[in-house]
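Note sheet for the following structure.
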Amino acid sequence: MSIAFYNVENLFDTENNPFTFDDDRTPEGDDVWTQEKYRDKLQKLAGVIAEIGSETTQQPPAIVGVCEIENRKVLEDLINEPKLKPYNYGIVHYDSPDRRGIDVALLYRKDVFRLENSVSHELLIYNSKEPDKRVYTRDQLVVSGEIDGEKLHFIINHWPSRSGGEAASSYKREKAATLNKRLSSN
């Protein structure tokens, strides 16, 4: 059995969500993100995921933490790709307040992992120069369940980037680390 984490690098559908900054990932946007490009990306991601750990286990991973996904729909499209569909993956996903609509999630094979609990933990960050202005970013996801009678807990997270420079943005990653540490000690 294998367990994986995969940054799927901006897996967006082609629809414009008026509540997020996803305009570039539409057919009219800067990326000219068409249905053909979206389907191609899904097919390639499914192929890669299906191969993770297969050299040893002859099966795709039991658990896959993913980041940089836009919404549940893209995950449903991904697990319904022909290379993944036979493995009956389930989804744990919550919408986070990230301005671009980027979330984290967990995919799990229902025949291997028995899901018991999941909680999305908000990462509260405020601008270092304007303390009353919130910086909206991805939540951290905690998922608990069992594999072969053994209780397992997963923390899936995608910390804020170094956008604006490493020094100027380090306080954001420090907040993410603090939340991550608190979650792992519970």
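Computed over heavy atoms, backbone and side chain alike; hydrogens, waters and symmetry mates excluded.
When side chains are defined from C-beta on, Ile49 counts as touching Leu84, because their heavy atoms get closer than 4.5 Å. Looking only at side-chain heavy atoms (C-beta outward), Phe154 and Phe113 come within less than 4.5 Å of each other. A 4.5 Å side-chain heavy-atom check between Ile63 and Met1 finds every atom pair outside the cut-off. Side-chain atoms of Pro160 and Val135, non-hydrogen and from C-beta on, never get closer than 4.5 Å to each other. Side chains of Leu11 and Leu42 form a contact here, defined as non-hydrogen atoms less than 4.5 Å apart. Counting only heavy atoms from C-beta outward, the side chains of Cys67 and Tyr6 never approach each other to under 4.5 Å. In this structure, the side chains of Leu115 and Val143 come closer than 4.5 Å at one or more pairs of heavy atoms.
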His121 vs Asn157, test: side-chain contact (heavy atoms from CB on, under 4.5 Å). Steps then yes/no. CA-CA 10 Å; His121 294 271; Asn157 57 81; over 6 Å; no
Take Ile69 and Val104, measure what side-chain contact (heavy atoms from CB on, under 4.5 Å) needs, and give me the verdict at the end. CA-CA 6 Å; Ile69 54 112; Val104 298; over 6 Å; no
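Checking Ser96 against Tyr136 by side-chain atom types alone, no donor-acceptor pair falls below 3.5 Å. If you check the side chains of Asp103 and Asn71, you find no donor sitting under 3.5 Å from an acceptor. For the residue pair Thr14/Gln35, the side-chain donor-acceptor check at 3.5 Å is satisfied.
Taken together through direct or relayed side-chain contacts under 4.5 Å among Ile, Leu, Val, Met, Phe, Trp and Tyr, Val119 and Val66 form parts of separate hydrophobic clusters. The same ILVMFWY cluster, assembled from side-chain heavy atoms under 4.5 Å apart, contains both Tyr38 and Ile79. Note on Phe5: it clusters hydrophobically with Leu141, by side-chain heavy-atom contacts below 4.5 Å among ILVMFWY residues. By the criterion of side-chain heavy atoms lying less than 4.5 angstrom apart, applied directly or through intervening Ile, Leu, Val, Met, Phe, Trp or Tyr residues, Trp159 is not grouped with Leu179; the two fall into different hydrophobic clusters. Tracing side-chain contacts under 4.5 Å through hydrophobic residues (I, L, V, M, F, W, Y), one never reaches Leu123 starting from Tyr94; they form parts of separate clusters.
To the nearest 0.5 Å, the span separating OG1 on Thr137 from CD1 on Ile102 amounts to 8.5 Å. Separating the NE2 atom in His153 from the OG atom in Ser184 is a distance of 11.5 Å, to the nearest 0.5 Å. Here the straight-line distance linking atom CD of Gln140 with atom CG of Leu183 works out to 5.5 Å at 0.5 Å rounding. Of the inter-residue distances, the one linking Ser2 atom OG with Ile52 atom CD1 reads 7.0 Å to the nearest 0.5 angstrom. Leu78 CG to Lys73 NZ: the interatomic distance, rounded to the nearest 0.5 Å, is 11.5 Å.
A pairwise comparison of heavy atoms in Gln43 and Glu81 identifies CA-OE1, 3.5 Å as the closest pair. Closest heavy-atom contact between Ser169 and Gly165: OG-O, 2.7 Å.
The side-chain contact (heavy atoms from CB on, under 4.5 Å) check on Leu124 picks up Glu122, Tyr126, Arg134, with sequence neighbours excluded. Taking Glu68 as the reference, nothing meets the salt bridge (charged side-chain N to carboxylate O under 4.0 Å, His left out) condition, with sequence neighbours excluded. For the salt bridge (charged side-chain N to carboxylate O under 4.0 Å, His left out) test, no residue two or more places apart in sequence or in another chain qualifies with Lys129. For the side chain to side chain donor-acceptor pair (under 3.5 Å) test, no residue two or more places apart in sequence or in another chain qualifies with Tyr87. For Gln58, the side-chain contact (heavy atoms from CB on, under 4.5 Å) test picks out no residue, with sequence neighbours left out. Every residue two or more places apart in sequence or in another chain was checked for a side-chain contact (heavy atoms from CB on, under 4.5 Å) with Asp148, and none qualifies. In this structure Glu51 satisfies the salt bridge (charged side-chain N to carboxylate O under 4.0 Å, His left out) test with no other residue, sequence neighbours excluded. With sequence neighbours excluded, the residues satisfying side-chain contact (heavy atoms from CB on, under 4.5 Å) with Thr34 are Val32, Glu36, Lys37. Considering only residues two or more places apart in sequence or on other chains, Glu76 meets the salt bridge (charged side-chain N to carboxylate O under 4.0 Å, His left out) condition with Arg72.
Between Glu116 and Lys151, at least one side-chain nitrogen of the basic residue sits less than 4.0 Å from a carboxylate oxygen of the acidic one, meeting the salt-bridge criterion.
A donor-acceptor contact shorter than 3.5 Å links the side chain of Trp33 to the backbone of Phe12.
Applying the salt bridge (charged side-chain N to carboxylate O under 4.0 Å, His left out) test to residues at least two apart or on different chains, none of the pairs has a partner in residues 170-183. The salt bridge (charged side-chain N to carboxylate O under 4.0 Å, His left out) analysis of residues 82-99, with sequence neighbours excluded, yields the pairs Asp98-Arg138.
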Show me the donor-acceptor pairs, under 3.5 Å and distance only, between side chains in residues 105-112 and residues at least two apart or in other chains.
unit_1: Arg109; atom_1: NE; unit_2: Asp111; atom_2: OD1; d: 3.3
unit_1: Arg109; atom_1: NH1; unit_2: Gln59; atom_2: OE1; d: 2.8
unit_1: Arg109; atom_1: NH1; unit_2: Pro60; atom_2: O; d: 3.1
unit_1: Arg109; atom_1: NH2; unit_2: Gln59; atom_2: OE1; d: 2.9
unit_1: Arg109; atom_1: NH2; unit_2: Asp111; atom_2: OD2; d: 3.1

